[in-house]
Amino acid sequence: RHKRPHVHIDYGTENHAASYAIDTAKRLKGNLPRKYEITITKWIETNRMSLDKLWTAAQTGEPVEELVIAIRSACEL
């Protein structure tokens with residue numbers, strides 16, 4: 001339902017504090033402390049293939065549970 005593949009980043013108690021494009025790892029909107037920006041960018045770059053698979057599955061209505069579990073395990077920043 002969204003045009004550009006992206007991820008939402010939660011920070012503290014704020015859901016969707018920022019959004020980052022999957023293809024470029026650039027921030028699309030929102031704000032986070034600068035010290036986290038580099039970590040998030042690197043994480044997106046490292047996990048781009050998995051994020052692309054998850055995005056495609058979510059947009060086509062396929063099951064995403066296993067993909068989410070795999071990506072969450074990679075979230076140990």
Closest contact, heavy atoms only, Tyr11 versus Ala17: CB-CB, 3.9 Å

Side chain to side chain contact (heavy atoms under 4.5 Å, CB included) against Leu67, all qualifying residues, sequence neighbours excluded: Lys53, Leu54, Ala57

Beyond-backbone contact of Ile22 with Asp52, side-chain heavy atoms, under 4.5 angstrom: yes

Contacts of type salt bridge (charged side-chain N to carboxylate O under 4.0 Å, His left out), residue Asp23, not counting sequence neighbours: Arg4

Side chain to side chain contact (heavy atoms under 4.5 Å, CB included) evaluation trace for Leu51 with Ile44: CA-CA 8 Å; Leu51 292 168; Ile44 291 170; 4.1 Å; yes

Closest non-hydrogen atom pair, Arg48 against Thr24: NH2-C, 3.8 Å

Side chain to side chain donor-acceptor pair (under 3.5 Å) against Ser19, all qualifying residues, sequence neighbours excluded: His8

Common cluster, Ile9/Val68, ILVMFWY with side-chain heavy-atom separation under 4.5 Å: yes

Atom of Lys35, atom of Thr39 and distance for their closest heavy-atom approach: O-OG1, 3.9 Å

Contact summary for Ser73 and Ala70, nearest pair of heavy atoms: OG-O, 2.6 Å

Worked verdict on Tyr20 versus Leu32 for side chain to side chain contact (heavy atoms under 4.5 Å, CB included): CA-CA 11 Å; Tyr20 288 79; Leu32 291 175; 3.6 Å; yes

Where Pro5 and Lys3 come nearest, the two heavy atoms and their spacing: CD-O, 3.8 Å

